[in-house]
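Below, all heavy atoms of this structure are taken into account, side chains as well, without hydrogens, waters or symmetry copies. All chains are named by letter (A, B, ...) in the order of the sequence lines, taking the proteins before the strands, and each is independently numbered beginning at 1.
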Amino acid sequence: MSTEAGSGLRDDELPGLLRGSLDHCVKCTICETACPVSNVTPLFPGPKYCGPQAERYRVADEPSVEWSVDYCSGCGICTQVCPQGVKIAEINAQARNKIKREHGVALRDRIITRPTVLGRLGTPVAPVANLSLRLRPARILAEKLLGVHREAPAPRFAGRRFSRWAKRHTSPRTGRKVVYFHGCGTEYYEPWEGEKVVALLEHNGFEVEVPKQDCCGLPLQSSGLFDDARRTVLRLARALAPFVRDDDTIIVGNATSCTLMLKREAREILGLADDPALKRVSERTWDICELLLDLHDRGELRTDFRPVNETIAYHAPCQQQGHFIGKPALDLLALIPGLEVREMTARCCGVAGTYGLKAEKYEIAMKAGDALFTQIRASGAPSVACDSETCRWQITHATGRPSVHPIDYLHRAYGL
Amino acid sequence: MRRELHFDAVVIGAGTAGLTAGARLAEAGARVAVLTKGVGSTHLAPGTVDVLGYAPERVSEPGRALEDLVRSRVDHPYALVGRGCVVEALQWFGERVAAGPFPGYRYVGGLERNHLLPTAIGALRPSALIPETMAAGDCAAGGASAARVCVVGVRALRDFHPALCAANLERAGVDARSVELNLALDRADQNALGVARRFDDPGWRAWFCAELSPHLRGEERVGLPAMLGSTDPHGVWSDLGRRLGRPVFEIPTLPPSVPGMRLFEVLRSSLRAAGGRLILGAEVVGAERSGERVSSVQAHAAGEERRYLARWVVLATGGFASGAIELDSRWVTRERVLGLPVRGAPGADEPRFVSTYLDEQPLARAGVAVTGDLRAEGVENVLVAGAALPGAAAWREGSGEGIALATGFRAAEVVSEAEGARAGQPGRSEAVV
Amino acid sequence: MVTLTTDVLVIGGGATGAGVAWDAALRGLEVVLVDRSDLAEGTSGRFHGLVHSGGRYAVKDPPAAEECVVENRVLRRIAADNIEDTGGFFVTTPWDDAGYADRFADACRATGIDCEEISPAQALREEPRLNPRVSRVFRVPDANIDVWKTVWSLARGARERGAHVMPYHAAVAVHRDGDEVTGARVRDMRTGEETDVRARVTVNAAGAWAGQIAELAGIEGVRILPGRGIMIAMNHRLVNTVINRCQMPTDGDILVPIRTVSVIGTTDEHTDDPDDHTVLQSEVDAMLDDGEKLVPGFRQARALRVWTGVRPLFEDAKAAETLTRDITRSHALLDHAQRDGVGGFLTITGGKLTTFRLMAEHTVDAACAQLGEPRACTTASEPLPGSETQRSYRLGERLERKEAHLREEQLICECEMVTRGALEEAIRRSRTANLDDIRRLLRLGMGPCQGGFCMYRAAGILHGLDGLGAEEANTALLEFLQERWKGIWPILYGDQLRQVRLDDWIFQGVLDVAHLSA
């Protein structure tokens, strides 16, 4: 059993409360109705089965006897819809982690779960890297050698890093500071999203600080690499915490799954509830749409929006729903004159971070997202707004429709 | 910055009562947030609107029986809202279904008479307002049809046993027989929703009908477990009727309930269409009181709790089933969300339960103590709706959805009336824009 | 009336009676085993499932402890498939006499119990939910046993060697021929048919009911003092090691992880009626408080079910009338030829489940002596059917099996992972329509939802399979619901109350079983 220096936690000492929550399960099947994975493949027997049900048969020091729980994508919808408070996704995550501890982790999972490393390698050689990510022989090779599916949506390296732009950029001094957590997607793949976030915040009177920062560890966590995930998220928390100087300063992020990692998952799934730096960061972190809608509700959001005469489909990704804040993007987008927003009710695009990249899971992920893709196609909307970058890549890959973060529309409507 | 949100009304709970109250309030122009811990009762209930099934004998005319009940049981939720409110609420609900996300889907019936619908074990359950997809199963005298019922199951669906259903229908005097198809599905453990998703596919429907047709005889009507489509129930049901050339109906079975999920979707989209917000995962964990008012509630969210400040709170959290009302290991009954007083719970020395399972349990009618207009006792701005109310034994009476709908509807009206009076505009909220 | 002739008639199909049948059959004797109800439906099936290390008796009753030491080892050998090697702790909590621990350690050494003191920190690492305020911890070789499975194995083994095993056959008369007992008349409790069993030796293994059987034989004074104890099953394993309080034996001092649950026990109240299954709220409260001492937060954990078992304590001159725990746990074997001058009749009672095999051995030894045919006992080395591999049971077995047949096997009882195949086979093999009997065979309906989801399914399968009419299927369902309710309502609070309300929702709402046509 490995000991994690940073956290002082051992993997087999994770909080009993997660396990204890299985007592609340009344077998009602509501989680089964919402699970995107078990609905499309018999390989995953479902959240109720793998979670509260199978957990009664698991003994900490006996070897795992089942593999099917590894087909859980970790989207977390089961926990969100459970009316009884069972931590289903979290119980499943523990069981997956136990399997990884016992049987080791595939090389592939060690690579694709490290966006920072990939980003640093790919950025300077972006044209070549992007080309090879689109060349079929290279993809076939990657599938054969690494188990990354040849069709899986691959982002393009932007060839520049957001943090470089941020270093050169000076936010006008307003005294109302906000700390911007941009995440790896913005850093390496979509730096323009970060620039838009900064512009939006500045337009609304914020002075934006961009600390030096790194990955949140979510990909590691969702692939069951808990030790590495703990190290990574604590490093990030320590980088961000000093910037939260007072109770008025908040951290805001546009990568909704990464902000969720900071807010909740690191504390609940990785058992880091008591780390003071993480706790501080966790409590002070806001999703960008959460913040903007909150400003609007207080009458503090500028509403000098110009019309955007378009129809878009909006999909709230699973991780965004995990914030338990509703769908603030919908209400924000509704402020833009001329913009017609169609709310997608299908819950998941299937990709769940890195799940849909894996060769053995790609097809499942595509099927899991099919209900959403069908709705998007049927909506008549030529483009899609969605808060999470991996979900956007998946949606565009599957539907051929461009997809952007909801703040893109706000940015446009402000005419920034 | 603190996480504080301001609303005219916060509704706690997203079952039938909460969604109805939320949608109605939003329609009246109020800024509404429906906070819910998870998805609730709708997905577990049959999807029918049972107004009054037993009083305690089987009720055939619910409207009339309702009048008697309102007179004789002054503590009953129906007595608090009155028969007229039930009529209005059913009317409102029917309109929302028609305008809802399922083209052509509608509910039939009303307070004039109860339908008698076969249950999955073959009992006949009285219900007032039912999805059109169940109507042909009505076995009440003067009901849909006197034709023989052919109960059809799929062996892979462990939650429906057609032979037992048909045999019990026979015992109840309904001419019935059964067919069980042995269709290959890709998994052993399949529920009604899984099959419903297959029925969404026209190709699968055609194949299913081709498999079934040779087994059907004469003028039979065909009863299937409630699994006719998850996205277009009217289309699927009509298509099956056409292909099989005879009336087809759904029989509700074990959870998850496909018709119940449709009901949820109808109410959810009504809420959204009127601009209300639905916040999933927002379990309410505390509240602030100032004098006789609840000024805000705290709800769980990732990272940090959020405070929802509201002029009105509608408590539609359900009863013992949801855990909103709890009996703890020291035998204390309490309302867990706002700590409101509970009425109707047996005293410390009285039995809470009796030893015969099917007898009425003394604890069953406990609920949050309210005044005549659904206000929680001692709190001016908290209204209580649905299964959290005392005085009803919903499943014994066959009254659950009727109470939820009527009290949710009424709670919204009470708010609108009070806000209207405050603003000098009867019946309208000041927040109307 | 049908007449059966046999060497040995055993009355009482608990662990002892089934053990006697198995032992006698192994020795080549003809055996008939009868029980008024289903096998292991009485005391045997109503205990916590602990295979004692002997620690509980080390200080107070060293001979009993020594018996446990030996039998614990034997059972692990012969009934491996039914036994899970959980190990056990004896822990000194703040409520226990601190001086007892040293006496306990000494007594363990003296009686040969394999006992090792470990640090409380080590114990907490192994059992994180254990009360962190424990001051001393001793590790002992406790284990748990699936007693139903064990009794079925004994019966199956006996049957394979020619025995007639007749559940639901009550002895209605014991035949006397002068000073000889010559067998009994038994009545099929389901059909009313009677059978005459002629036996050379009749063994009264009726446990807490042994006095009633002795009376049928015209023998006075076999007084059993039934001691009623309650046990509570908690929804999951709060611990994976048996936890005992390190103190003189008292109420609520054992927490046993067994199958998917943990069972806390027990109380000890004198009762006059062995069929008394009263559960008092005061007993439940006391048991929950005791649980809290072992595992903080016990009251917030989910209690599934409560039941009572009645210990068959044979009256002893030393025993006070009301305080049954002081009566010896060691068993009593009465040879009525010596005691009453009545031949062909033996009564075996008292004892504890851990030593059932030894009790059976002594009993069959005495029977052989009466028959004048000394035959050697082999039960200490012969594995029970199903335990031949000597691989001990692991909790994950059903999960592992389901995983291997994920797409083929339909789960009927999801909580306890009972497959449709297993259910159908059990119905066919046991030829019963009684779902409560099936429950004990398979653990059907014993998990968190207590039959809420599986009972409709089971009734449907029963109806389809057995050619039963709807009426019988309905009855099976309704009787099961009522039977379950008996063990639920006295301890209904918290999470289980939510479950019951959902179950009501299903049965009284969706299915409306209360209004099935009569």
Side-chain angles (χ1 to χ4, degrees), chain B residues 41 44-46 50 53-54 58 119-126 156 158-173 180 186-190 252-255 257 319-323 326-331 352-358 361 363-364 394-396 398 400, chain C residues 281 284-285 288 298-300 303 405-412 414 419-420 453-454 456-457 459-464 469-471 473-474 477-478 481-482 484-486 488-495 497-502 504-518:
Chain B
S41 57
L44 311 175
D50 306 356
Y54 299 99
R58 191 152 80 189
T119 72
I121 200 168
L124 292 174
R125 196 173 60 83
R158 61 189 173 185
D159 293 340
F160 190 76
H161 294 269
L164 181 56
C165 176
N168 273 319
L169 287 176
E170 281 271 315
R171 295 174 69 244
E180 187 163 59
D186 67 349
R187 63 187 78 190
D189 298 314
Q190 186 63 278
T253 187
L254 297 188
S257 163
F320 289 100
S322 65
E326 179 192 57
L327 173 66
D328 72 13
S329 77
R330 299 190 191 277
W331 320 110
R352 292 173 294 273
F353 304 103
V354 293
S355 62
T356 306
Y357 172 62
L358 288 176
Q361 303 298 330
L363 192 64
W395 287 114
R396 296 183 66 77
Chain C
Q281 186 177 310
V284 168
D285 287 333
L288 296 177
F298 195 86
R299 278 181 173 271
Q300 277 72 54
H405 301 274
L406 206 53
R407 293 167 71 170
E408 304 94 55
E409 284 197 338
Q410 199 172 50
L411 283 185
I412 299 305
E414 299 168 65
T419 63
R420 185 176 187 136
F453 280 79
C454 63
Y456 165 65
R457 297 170 185 162
I461 289 169
L462 199 64
H463 173 255
E471 197 171 341
N474 299 347
L477 171 67
L478 293 169
L481 294 177
Q482 178 56 35
R484 293 271 78 192
W485 181 244
K486 261 172 45 186
I488 292 174
W489 72 266
I491 194 165
L492 192 49
Y493 62 80
D495 286 320
L497 181 52
R498 307 182 194 203
Q499 181 71 63
V500 161
R501 295 301 291 159
L502 175 60
D504 292 350
W505 200 304
I506 290 172
F507 291 113
Q508 300 184 36
V510 177
L511 299 174
D512 202 2
V513 297
H515 298 96
L516 280 165
S517 280

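Checked against side-chain contact (heavy atoms from CB on, under 4.5 Å), B:Thr356 has the following partners two or more places apart in sequence or in another chain: B:Asp359, C:Gln482. The side-chain contact (heavy atoms from CB on, under 4.5 Å) test applied to C:Glu408 returns C:His405, not counting sequence neighbours.
In the model, C:Tyr456 has no side-chain atom that pairs as donor or acceptor with a side-chain atom of B:Asp159 under 3.5 Å.
Only the side chain of B:Arg352 comes within contact range of chain C, with heavy atoms under 4.5 Å apart. Looking at B:Ala166, there are no atoms closer than 4.5 Å to chain C (heavy atoms on both sides), in backbone or side chain. Contact annotation for B:Gln361: only side-chain heavy atoms (C-beta onward) come within less than 4.5 Å of a heavy atom of chain C. Contact of C:Ile461 with chain B is made through backbone and side chain together, with heavy-atom distances under 4.5 Å. Of the atoms belonging to B:Leu124, it is backbone heavy atoms, and not side-chain ones, that fall under 4.5 Å from chain C. Contact of B:Asp328 with chain C is made through the backbone alone, with heavy-atom distances under 4.5 Å. Neither the backbone nor the side chain of B:Pro162 has a heavy atom closer than 4.5 Å to any heavy atom of chain C. Interface remark: B:Arg187 contributes backbone atoms only to the contact with chain C (heavy atom separation under 4.5 Å).
Under a 3.5 Å cut-off, the side chain of C:Gln410 and the backbone N or O of B:Ala188 do form a donor-acceptor pair. Remark: side-chain polar atoms of C:Arg299 are paired, donor with acceptor, to backbone N or O of B:Ser329 under 3.5 angstrom. The main-chain N or O of C:Leu411 is found under 3.5 Å from a side-chain atom of B:Arg158 such that the two form a donor-acceptor pair.
Residues C:Trp485 and B:Tyr357 place their aromatic rings such that the two centres sit under 6.0 Å apart.
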Going through the checks in order, is the side chain to side chain contact (heavy atoms under 4.5 Å, CB included) test met by B:Leu358 and C:Leu478?
CA-CA 9 Å; B:Leu358 288 176; C:Leu478 293 169; 4.0 Å; yes

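Closest approach of C:Gly509 and B:Arg125 over heavy atoms only: O-CD, 3.0 Å.
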